[in-house]
Participant: 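Below you'll find the structure I mean.
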Protein chains: 2
Amino acid sequence: MSKRTNSAKRQLILDEAAKLFKLKGFGGTSMRDLAAQVGMEAASMYNHIKSKDEILELICFHISDTYIRQLTEVEHMQAPYVEKIRALIGRHIQLMIEDGAAVSVGNNDWKYLTGDRLEDFKAARKRYEKGFAALIEQGIAAGELHPVNVSVALFTILSAVRWVELWYRPGRNVTPEELEENIMTVLLNGLAK
Amino acid sequence: MSKRTNSAKRQLILDEAAKLFKLKGFGGTSMRDLAAQVGMEAASMYNHIKSKDEILELICFHISDTYIRQLTEVEHMQAPYVEKIRALIGRHIQLMIEDGAAVSVGNNDWKYLTGDRLEDFKAARKRYEKGFAALIEQGIAAGELHPVNVSVALFTILSAVRWVELWYRPGRNVTPEELEENIMTVLLNGLAK
DNA sequence: CCTACCGATCGGTAGG
DNA sequence: CCTACCGATCGGTAGG
(Lines give C-alpha, C1' and ligand atoms only; values in the text may rest on other atoms or scores of the structure.)
Protein backbone atom coordinates (compact mmCIF):
# COMPACT_ATOMS: atom_id res chain seq x y z
CA MET A 1 0.00 0.00 0.00
CA SER A 2 2.91 2.34 0.59
CA LYS A 3 3.94 1.55 -3.00
CA ARG A 4 0.52 2.55 -4.30
CA THR A 5 0.47 5.74 -2.27
CA ASN A 6 3.91 6.72 -3.50
CA SER A 7 3.13 6.16 -7.17
CA ALA A 8 -0.13 8.09 -6.78
CA LYS A 9 1.79 11.08 -5.38
CA ARG A 10 4.30 10.70 -8.18
CA GLN A 11 1.50 10.79 -10.73
CA LEU A 12 0.00 13.84 -9.01
CA ILE A 13 3.34 15.61 -9.31
CA LEU A 14 3.53 14.76 -13.03
CA ASP A 15 -0.03 15.93 -13.69
CA GLU A 16 0.43 19.22 -11.89
CA ALA A 17 3.80 19.73 -13.56
CA ALA A 18 2.23 19.31 -17.01
CA LYS A 19 -0.39 21.94 -16.16
CA LEU A 20 2.22 24.41 -14.90
CA PHE A 21 4.61 23.81 -17.80
CA LYS A 22 1.73 24.46 -20.20
CA LEU A 23 0.85 27.67 -18.36
CA LYS A 24 4.31 29.10 -17.68
CA GLY A 25 6.78 26.98 -19.62
CA PHE A 26 9.43 24.61 -18.28
CA GLY A 27 11.90 27.41 -17.57
CA GLY A 28 9.22 29.59 -16.01
CA THR A 29 8.06 26.93 -13.57
CA SER A 30 10.10 26.55 -10.38
CA MET A 31 10.16 23.45 -8.20
CA ARG A 32 8.75 25.68 -5.45
CA ASP A 33 5.77 26.63 -7.66
CA LEU A 34 5.16 22.97 -8.37
CA ALA A 35 5.54 21.95 -4.73
CA ALA A 36 2.96 24.55 -3.67
CA GLN A 37 0.54 23.18 -6.26
CA VAL A 38 1.07 19.62 -5.06
CA GLY A 39 0.87 20.64 -1.41
CA MET A 40 4.35 19.96 -0.02
CA GLU A 41 7.76 21.60 0.29
CA ALA A 42 10.08 21.62 -2.72
CA ALA A 43 12.63 19.42 -0.95
CA SER A 44 9.99 16.76 -0.28
CA MET A 45 9.28 16.16 -3.96
CA TYR A 46 12.72 14.65 -4.36
CA ASN A 47 11.43 11.59 -2.52
CA HIS A 48 9.15 10.95 -5.50
CA ILE A 49 11.15 12.17 -8.46
CA LYS A 50 14.86 12.42 -9.22
CA SER A 51 15.01 15.91 -10.75
CA LYS A 52 13.09 18.57 -12.63
CA ASP A 53 14.55 17.11 -15.83
CA GLU A 54 13.14 13.68 -15.02
CA ILE A 55 9.64 15.17 -14.73
CA LEU A 56 10.00 16.66 -18.20
CA GLU A 57 11.25 13.35 -19.62
CA LEU A 58 8.40 11.32 -18.15
CA ILE A 59 5.76 13.68 -19.56
CA CYS A 60 7.35 13.95 -23.01
CA PHE A 61 7.86 10.22 -23.51
CA HIS A 62 4.41 9.39 -22.26
CA ILE A 63 3.12 11.53 -25.12
CA SER A 64 5.52 10.35 -27.82
CA ASP A 65 4.85 6.72 -26.91
CA THR A 66 1.13 7.33 -27.32
CA TYR A 67 1.59 8.96 -30.71
CA ILE A 68 3.72 6.08 -31.97
CA ARG A 69 1.15 3.56 -30.75
CA GLN A 70 -1.61 5.44 -32.59
CA LEU A 71 0.42 5.46 -35.79
CA THR A 72 1.08 1.72 -35.56
CA GLU A 73 -2.62 1.05 -35.02
CA VAL A 74 -3.57 3.04 -38.10
CA GLU A 75 -0.82 1.48 -40.21
CA HIS A 76 -2.37 -1.94 -39.55
CA MET A 77 -5.90 -0.88 -40.56
CA GLN A 78 -7.45 -2.20 -43.77
CA ALA A 79 -9.01 0.87 -45.32
CA PRO A 80 -8.53 3.50 -48.03
CA TYR A 81 -5.73 5.97 -47.32
CA VAL A 82 -8.18 8.83 -46.79
CA GLU A 83 -9.79 6.81 -44.02
CA LYS A 84 -6.45 5.97 -42.43
CA ILE A 85 -5.51 9.65 -42.42
CA ARG A 86 -8.90 10.54 -41.01
CA ALA A 87 -8.42 7.94 -38.24
CA LEU A 88 -4.95 9.22 -37.36
CA ILE A 89 -6.09 12.86 -37.20
CA GLY A 90 -9.03 11.73 -35.06
CA ARG A 91 -6.75 9.97 -32.54
CA HIS A 92 -4.51 13.02 -32.50
CA ILE A 93 -7.44 15.30 -31.62
CA GLN A 94 -8.73 12.81 -29.07
CA LEU A 95 -5.43 12.80 -27.18
CA MET A 96 -5.43 16.59 -27.00
CA ILE A 97 -8.90 16.61 -25.54
CA GLU A 98 -8.05 13.93 -22.97
CA ASP A 99 -4.56 15.01 -21.99
CA GLY A 100 -4.08 18.54 -23.27
CA ALA A 101 -1.50 19.66 -20.72
CA ALA A 102 0.86 16.77 -21.46
CA VAL A 103 0.43 17.25 -25.21
CA SER A 104 1.35 20.91 -24.75
CA VAL A 105 4.58 19.90 -23.00
CA GLY A 106 5.34 17.44 -25.81
CA ASN A 107 4.75 20.22 -28.34
CA ASN A 108 6.51 23.12 -26.65
CA ASP A 109 8.83 22.07 -23.83
CA TRP A 110 10.49 18.97 -25.33
CA LYS A 111 13.33 21.27 -26.46
CA TYR A 112 14.53 21.49 -22.86
CA LEU A 113 15.32 17.76 -22.86
CA THR A 114 19.04 17.08 -22.86
CA GLY A 115 21.55 14.54 -24.17
CA ASP A 116 20.30 11.10 -25.25
CA ARG A 117 16.75 11.80 -24.16
CA LEU A 118 16.55 14.77 -26.50
CA GLU A 119 17.81 12.62 -29.37
CA ASP A 120 15.37 9.82 -28.50
CA PHE A 121 12.47 12.24 -28.49
CA LYS A 122 13.43 13.75 -31.81
CA ALA A 123 13.77 10.26 -33.29
CA ALA A 124 10.26 9.34 -32.11
CA ARG A 125 8.85 12.49 -33.68
CA LYS A 126 10.69 11.79 -36.92
CA ARG A 127 9.29 8.25 -36.95
CA TYR A 128 5.78 9.62 -36.54
CA GLU A 129 6.22 12.23 -39.25
CA LYS A 130 7.69 9.70 -41.71
CA GLY A 131 4.82 7.30 -41.07
CA PHE A 132 2.22 10.02 -41.54
CA ALA A 133 3.96 11.30 -44.67
CA ALA A 134 3.95 7.78 -46.12
CA LEU A 135 0.16 7.62 -45.76
CA ILE A 136 -0.21 10.91 -47.66
CA GLU A 137 2.25 9.81 -50.33
CA GLN A 138 0.47 6.51 -50.89
CA GLY A 139 -2.89 8.28 -50.89
CA ILE A 140 -1.69 10.55 -53.69
CA ALA A 141 -0.24 7.59 -55.63
CA ALA A 142 -3.60 5.79 -55.28
CA GLY A 143 -5.37 8.85 -56.69
CA GLU A 144 -7.32 9.45 -53.49
CA LEU A 145 -5.68 12.79 -52.69
CA HIS A 146 -4.75 15.97 -54.51
CA PRO A 147 -1.12 15.88 -55.70
CA VAL A 148 0.31 18.30 -53.13
CA ASN A 149 3.80 18.67 -51.73
CA VAL A 150 3.82 15.92 -49.09
CA SER A 151 5.90 17.76 -46.45
CA VAL A 152 3.83 20.89 -46.73
CA ALA A 153 0.57 18.94 -46.44
CA LEU A 154 1.90 16.93 -43.49
CA PHE A 155 2.97 19.93 -41.44
CA THR A 156 -0.17 21.86 -42.35
CA ILE A 157 -2.29 19.03 -40.93
CA LEU A 158 -0.18 18.43 -37.81
CA SER A 159 -0.07 22.14 -37.11
CA ALA A 160 -3.75 22.75 -37.89
CA VAL A 161 -4.75 20.37 -35.16
CA ARG A 162 -2.56 21.89 -32.44
CA TRP A 163 -4.83 24.77 -31.49
CA VAL A 164 -7.26 22.24 -29.99
CA GLU A 165 -4.93 21.74 -27.05
CA LEU A 166 -4.90 25.51 -26.41
CA TRP A 167 -8.56 26.17 -27.03
CA TYR A 168 -10.60 23.16 -26.01
CA ARG A 169 -12.32 23.23 -22.63
CA PRO A 170 -15.31 21.14 -21.58
CA GLY A 171 -17.19 24.45 -21.15
CA ARG A 172 -17.12 25.38 -24.88
CA ASN A 173 -20.38 24.93 -26.68
CA VAL A 174 -18.78 22.64 -29.23
CA THR A 175 -18.82 18.89 -28.61
CA PRO A 176 -15.70 16.82 -29.30
CA GLU A 177 -17.57 15.19 -32.20
CA GLU A 178 -18.48 18.55 -33.75
CA LEU A 179 -14.92 19.72 -33.29
CA GLU A 180 -13.47 16.67 -35.00
CA GLU A 181 -15.99 16.77 -37.82
CA ASN A 182 -15.39 20.45 -38.61
CA ILE A 183 -11.62 20.14 -38.57
CA MET A 184 -11.83 17.14 -40.89
CA THR A 185 -14.04 19.12 -43.26
CA VAL A 186 -11.57 21.98 -43.53
CA LEU A 187 -8.53 19.72 -43.92
CA LEU A 188 -9.98 17.04 -46.16
CA ASN A 189 -12.67 18.85 -48.17
CA GLY A 190 -11.40 22.43 -47.87
CA LEU A 191 -13.11 25.60 -46.78
CA ALA A 192 -14.09 26.78 -50.28
CA LYS A 193 -17.03 25.25 -52.11
CA MET B 1 24.76 60.36 -35.89
CA SER B 2 24.93 59.26 -32.28
CA LYS B 3 21.13 58.92 -32.48
CA ARG B 4 21.39 56.66 -35.51
CA THR B 5 24.09 54.50 -33.98
CA ASN B 6 22.11 54.10 -30.78
CA SER B 7 18.91 53.09 -32.49
CA ALA B 8 20.83 50.63 -34.67
CA LYS B 9 22.25 48.96 -31.55
CA ARG B 10 18.79 48.95 -30.06
CA GLN B 11 17.42 47.20 -33.13
CA LEU B 12 20.28 44.71 -33.00
CA ILE B 13 19.38 43.89 -29.41
CA LEU B 14 15.73 43.37 -30.39
CA ASP B 15 16.62 41.15 -33.34
CA GLU B 16 18.98 38.97 -31.34
CA ALA B 17 16.48 38.81 -28.48
CA ALA B 18 13.75 37.53 -30.82
CA LYS B 19 16.08 34.79 -32.06
CA LEU B 20 17.03 33.72 -28.54
CA PHE B 21 13.44 33.85 -27.24
CA LYS B 22 12.39 31.64 -30.15
CA LEU B 23 15.20 29.19 -29.39
CA LYS B 24 15.06 29.06 -25.61
CA GLY B 25 11.93 30.93 -24.56
CA PHE B 26 11.64 34.23 -22.70
CA GLY B 27 12.22 32.62 -19.30
CA GLY B 28 15.11 30.52 -20.59
CA THR B 29 16.98 33.49 -22.05
CA SER B 30 19.09 35.52 -19.64
CA MET B 31 20.22 39.08 -20.20
CA ARG B 32 23.77 37.72 -20.04
CA ASP B 33 23.01 35.27 -22.90
CA LEU B 34 21.61 38.13 -24.92
CA ALA B 35 24.52 40.45 -24.12
CA ALA B 36 27.00 37.82 -25.29
CA GLN B 37 25.10 37.47 -28.57
CA VAL B 38 25.07 41.23 -29.09
CA GLY B 39 28.71 41.60 -28.06
CA MET B 40 28.62 43.62 -24.86
CA GLU B 41 28.22 43.17 -21.11
CA ALA B 42 24.73 42.68 -19.67
CA ALA B 43 24.90 45.95 -17.76
CA SER B 44 25.67 47.88 -20.95
CA MET B 45 22.42 46.91 -22.62
CA TYR B 46 20.52 49.03 -20.14
CA ASN B 47 21.79 52.08 -21.99
CA HIS B 48 19.67 50.97 -24.96
CA ILE B 49 16.65 49.33 -23.37
CA LYS B 50 14.83 49.82 -20.09
CA SER B 51 14.31 46.22 -19.06
CA LYS B 52 13.94 42.64 -20.25
CA ASP B 53 10.18 43.18 -20.17
CA GLU B 54 10.46 46.16 -22.49
CA ILE B 55 12.27 44.02 -25.06
CA LEU B 56 9.41 41.53 -24.99
CA GLU B 57 6.83 44.31 -25.36
CA LEU B 58 8.56 45.90 -28.35
CA ILE B 59 8.77 42.59 -30.20
CA CYS B 60 5.19 41.53 -29.43
CA PHE B 61 3.59 44.82 -30.41
CA HIS B 62 5.65 45.11 -33.57
CA ILE B 63 4.05 41.84 -34.62
CA SER B 64 0.49 42.54 -33.47
CA ASP B 65 0.57 45.97 -35.17
CA THR B 66 1.59 44.29 -38.41
CA TYR B 67 -1.20 41.74 -38.18
CA ILE B 68 -3.80 44.42 -37.56
CA ARG B 69 -2.53 46.44 -40.51
CA GLN B 70 -2.78 43.38 -42.78
CA LEU B 71 -6.34 42.75 -41.63
CA THR B 72 -7.35 46.35 -42.32
CA GLU B 73 -5.81 46.17 -45.80
CA VAL B 74 -7.76 43.05 -46.64
CA GLU B 75 -11.00 44.39 -45.19
CA HIS B 76 -10.79 47.28 -47.66
CA MET B 77 -10.25 45.05 -50.70
CA GLN B 78 -12.99 44.70 -53.32
CA ALA B 79 -13.06 40.96 -53.98
CA PRO B 80 -14.99 37.75 -53.24
CA TYR B 81 -14.62 36.54 -49.65
CA VAL B 82 -12.57 33.53 -50.74
CA GLU B 83 -10.07 35.89 -52.28
CA LYS B 84 -9.96 38.10 -49.20
CA ILE B 85 -9.28 35.06 -47.04
CA ARG B 86 -6.65 33.87 -49.47
CA ALA B 87 -4.99 37.31 -49.33
CA LEU B 88 -4.99 37.39 -45.53
CA ILE B 89 -3.51 33.89 -45.23
CA GLY B 90 -0.91 34.88 -47.79
CA ARG B 91 0.17 37.96 -45.81
CA HIS B 92 0.28 35.84 -42.68
CA ILE B 93 2.63 33.35 -44.31
CA GLN B 94 4.72 36.13 -45.79
CA LEU B 95 5.33 37.69 -42.38
CA MET B 96 6.50 34.36 -40.98
CA ILE B 97 8.97 33.95 -43.79
CA GLU B 98 10.31 37.49 -43.40
CA ASP B 99 10.34 37.81 -39.63
CA GLY B 100 9.96 34.30 -38.23
CA ALA B 101 11.71 34.91 -34.92
CA ALA B 102 9.50 37.85 -33.96
CA VAL B 103 6.37 35.96 -35.04
CA SER B 104 7.45 33.09 -32.80
CA VAL B 105 7.71 35.47 -29.85
CA GLY B 106 4.26 36.86 -30.65
CA ASN B 107 2.90 33.31 -30.78
CA ASN B 108 4.63 31.79 -27.76
CA ASP B 109 6.13 34.35 -25.41
CA TRP B 110 3.40 37.02 -25.33
CA LYS B 111 2.06 35.29 -22.21
CA TYR B 112 4.98 36.71 -20.22
CA LEU B 113 3.72 40.25 -20.83
CA THR B 114 2.31 41.84 -17.68
CA GLY B 115 -0.36 44.32 -16.61
CA ASP B 116 -1.86 46.65 -19.20
CA ARG B 117 0.49 45.51 -21.93
CA LEU B 118 -0.77 41.95 -21.59
CA GLU B 119 -4.36 43.18 -21.85
CA ASP B 120 -3.52 45.35 -24.87
CA PHE B 121 -1.91 42.44 -26.65
CA LYS B 122 -4.84 40.14 -25.97
CA ALA B 123 -7.21 42.83 -27.25
CA ALA B 124 -5.23 43.16 -30.50
CA ARG B 125 -5.33 39.41 -31.00
CA LYS B 126 -9.07 39.36 -30.33
CA ARG B 127 -9.59 42.14 -32.85
CA TYR B 128 -7.70 40.15 -35.48
CA GLU B 129 -9.61 36.96 -34.76
CA LYS B 130 -12.98 38.73 -34.88
CA GLY B 131 -12.11 40.34 -38.21
CA PHE B 132 -10.95 37.07 -39.72
CA ALA B 133 -14.02 35.26 -38.38
CA ALA B 134 -16.26 37.89 -39.97
CA LEU B 135 -14.72 37.16 -43.38
CA ILE B 136 -15.45 33.44 -42.96
CA GLU B 137 -18.97 34.13 -41.75
CA GLN B 138 -19.75 36.42 -44.66
CA GLY B 139 -18.17 33.92 -47.06
CA ILE B 140 -20.52 31.23 -45.81
CA ALA B 141 -23.52 33.55 -45.99
CA ALA B 142 -22.58 34.42 -49.60
CA GLY B 143 -22.49 30.70 -50.44
CA GLU B 144 -18.77 30.80 -51.26
CA LEU B 145 -17.69 28.53 -48.39
CA HIS B 146 -18.81 25.26 -46.84
CA PRO B 147 -21.11 25.89 -43.85
CA VAL B 148 -18.62 25.00 -41.10
CA ASN B 149 -18.40 26.12 -37.49
CA VAL B 150 -16.75 29.52 -37.86
CA SER B 151 -14.57 29.37 -34.72
CA VAL B 152 -13.31 25.90 -35.54
CA ALA B 153 -12.49 26.89 -39.12
CA LEU B 154 -10.77 30.10 -37.99
CA PHE B 155 -8.48 28.43 -35.48
CA THR B 156 -7.76 25.55 -37.82
CA ILE B 157 -6.51 28.02 -40.43
CA LEU B 158 -4.54 30.24 -38.03
CA SER B 159 -2.97 27.19 -36.45
CA ALA B 160 -2.29 25.40 -39.73
CA VAL B 161 -0.11 28.24 -40.87
CA ARG B 162 2.00 28.42 -37.72
CA TRP B 163 4.40 25.58 -38.53
CA VAL B 164 5.89 27.74 -41.30
CA GLU B 165 7.66 29.85 -38.69
CA LEU B 166 9.22 26.72 -37.18
CA TRP B 167 10.05 24.95 -40.38
CA TYR B 168 10.85 27.46 -43.09
CA ARG B 169 14.50 28.18 -43.85
CA PRO B 170 15.88 29.62 -47.07
CA GLY B 171 17.78 26.34 -47.50
CA ARG B 172 14.62 24.20 -47.93
CA ASN B 173 13.94 23.07 -51.46
CA VAL B 174 10.49 24.63 -51.42
CA THR B 175 10.08 28.19 -52.65
CA PRO B 176 7.88 30.63 -50.73
CA GLU B 177 5.45 30.54 -53.66
CA GLU B 178 5.21 26.75 -53.63
CA LEU B 179 4.77 26.81 -49.88
CA GLU B 180 1.93 29.31 -50.04
CA GLU B 181 0.24 27.55 -52.94
CA ASN B 182 0.29 24.13 -51.26
CA ILE B 183 -0.99 25.42 -47.94
CA MET B 184 -3.82 27.24 -49.72
CA THR B 185 -4.71 24.04 -51.58
CA VAL B 186 -5.02 22.01 -48.37
CA LEU B 187 -6.98 24.70 -46.50
CA LEU B 188 -9.25 25.93 -49.29
CA ASN B 189 -9.69 22.89 -51.55
CA GLY B 190 -8.91 20.13 -49.05
CA LEU B 191 -6.51 17.20 -49.21
CA ALA B 192 -9.03 14.64 -50.47
CA LYS B 193 -10.19 14.58 -54.07
C1' DC C 1 7.91 14.97 4.60
C1' DC C 2 10.31 19.25 6.81
C1' DT C 3 14.02 22.80 8.22
C1' DA C 4 18.04 24.66 6.96
C1' DC C 5 21.09 25.49 3.77
C1' DC C 6 24.55 25.17 -0.54
C1' DG C 7 26.65 27.43 -4.81
C1' DA C 8 25.04 29.35 -9.02
C1' DT C 9 22.59 32.48 -11.55
C1' DC C 10 19.06 35.82 -12.21
C1' DG C 11 17.50 41.08 -13.55
C1' DG C 12 19.07 45.24 -12.54
C1' DT C 13 21.84 49.48 -10.36
C1' DA C 14 25.86 52.53 -8.87
C1' DG C 15 29.50 54.83 -10.29
C1' DG C 16 32.66 55.91 -13.30
C1' DC D 1 30.30 50.70 -22.37
C1' DC D 2 32.69 48.33 -18.18
C1' DT D 3 33.67 46.63 -13.24
C1' DA D 4 31.69 45.59 -9.20
C1' DC D 5 28.02 44.47 -6.85
C1' DC D 6 22.88 44.10 -4.83
C1' DG D 7 18.91 41.11 -3.10
C1' DA D 8 16.14 37.47 -4.83
C1' DT D 9 15.49 33.10 -6.51
C1' DC D 10 16.94 28.92 -8.66
C1' DG D 11 17.63 23.33 -8.49
C1' DG D 12 19.10 20.39 -5.35
C1' DT D 13 21.29 18.13 -0.81
C1' DA D 14 22.11 17.03 4.27
C1' DG D 15 20.23 15.42 8.05
C1' DG D 16 16.74 14.23 10.63
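Letters A, B, ... are given to chains in the order of the sequence lines, protein chains preceding strands, and every chain is numbered from 1.
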Participant: With sequence neighbours excluded, give me every salt bridge (Lys or Arg N to Asp or Glu O under 4.0 Å) pair touching residues 18-34 of chain A.
Facilitator: A:Glu16-A:Lys19, A:Lys24-A:Asp33

Participant: Ignoring hydrogens and angles, state whether a donor on the side chain of B:Asp15 or B:Gln11 is under 3.5 Å from an acceptor on the partner side chain.
Facilitator: yes

Participant: Tell me which pairs pass side-chain hydrogen bond (donor to acceptor under 3.5 Å, both in side chains) where either residue lies in residues 132-149 of chain A, with sequence neighbours left out.
Facilitator: none

Participant: Could you state the atom-to-atom distance from NZ of B:Lys50 to P of C:dG11 in whole Å?
Facilitator: 18 Å

Participant: Calculate the interatomic distance between B:Tyr46 atom OH and C:dC10 atom C1'; express it in whole Å.
Facilitator: 9 Å

Participant: Once you round it to whole Å, what is the distance between C1' of C:dG11 and CD1 of B:Ile49?
Facilitator: 10 Å

Participant: If you check the A:His48 side chain, which of C:dC1, C:dG12, D:dC1 turns out closest?
Facilitator: C:dC1

Participant: Who pairs with B:Tyr168 by ring-ring contact (aromatic ring centres under 6.0 Å, His included), at least two apart in sequence or on another chain?
Facilitator: none

Participant: Scan residues 113-123 of chain A for pairs that pass side-chain hydrogen bond (donor to acceptor under 3.5 Å, both in side chains), counting only residues two or more places apart or in two chains.
Facilitator: A:Arg117-A:Asp120

Participant: What protein N or O atoms touch nucleotides 14-16 of chain C N or O atoms at under 3.5 angstrom, if any, and at what distances?
Facilitator:
none

Participant: To the nearest Å, how far apart are B:Phe21 CZ and C:dG11 C1'?
Facilitator: 12 Å

Participant: Filter on salt bridge (Lys or Arg N to Asp or Glu O under 4.0 Å), then keep only pairs touching residues 69-80 of chain A, sequence neighbours left out; what's left?
Facilitator: A:Glu73-A:Arg91, A:Glu75-A:Arg127

Participant: Pull out every residue in residues 30-41 of chain A that has a heavy atom closer than 4.0 Å to any atom of DNA chain D, ordered by number, or say none.
Facilitator: A:Ser30, A:Met31, A:Arg32

Participant: Can you pull the ring pair (Phe, Tyr, Trp, His ring centres under 6.0 Å) pairs that have at least one residue in residues 123-143 of chain B, sequence neighbours excluded?
Facilitator: B:Tyr67-B:Tyr128, B:His92-B:Tyr128

Participant: Can you measure A:Met45 atom CE to C:dC1 atom C1' for me and round it to whole angstrom units?
Facilitator: 12 Å

Participant: So what is the 5' to 3' dot-bracket string for DNA chain C, if pairs are Watson-Crick or G-U wobble with both distances under 3.5 Å, crossing pairs use [ ] and | means the partner sits on another strand?
Facilitator: ||||||||||||||||

Participant: Can you tell me which residue pairs pass the side-chain hydrogen bond (donor to acceptor under 3.5 Å, both in side chains) test with a partner in residues 184-193 of chain A, sequence neighbours excluded?
Facilitator: none

Participant: Using a 4.5 Å cut-off between side-chain heavy atoms of Ile, Leu, Val, Met, Phe, Trp and Tyr, which other residues end up in the same hydrophobic cluster as B:Leu20?
Facilitator: B:Leu12, B:Ile13, B:Leu14, B:Phe21, B:Phe26, B:Met31, B:Leu34, B:Val38, B:Met40, B:Met45, B:Tyr46, B:Ile49, B:Ile55, B:Leu56, B:Leu58, B:Ile59, B:Phe61, B:Val105, B:Trp110, B:Tyr112, B:Leu113, B:Leu118, B:Phe121

Participant: Would A:Leu158 and A:Leu154 count as a side chain to side chain contact (heavy atoms under 4.5 Å, CB included) here? Give the steps.
Facilitator: CA-CA 6 Å; A:Leu158 289 181; A:Leu154 170 67; 3.9 Å; yes

Participant: Whole-Å distance between D:dC10 C1' and A:Leu20 CG?
Facilitator: 16 Å

Participant: The side chain of B:Lys52 lies closest to which of these nucleotides: C:dC1, C:dG12, D:dT13?
Facilitator: C:dG12

Participant: Which pairs, with at least one residue in residues 146-175 of chain B and sequence neighbours excluded, count as a salt bridge (Lys or Arg N to Asp or Glu O under 4.0 Å)?
Facilitator: none

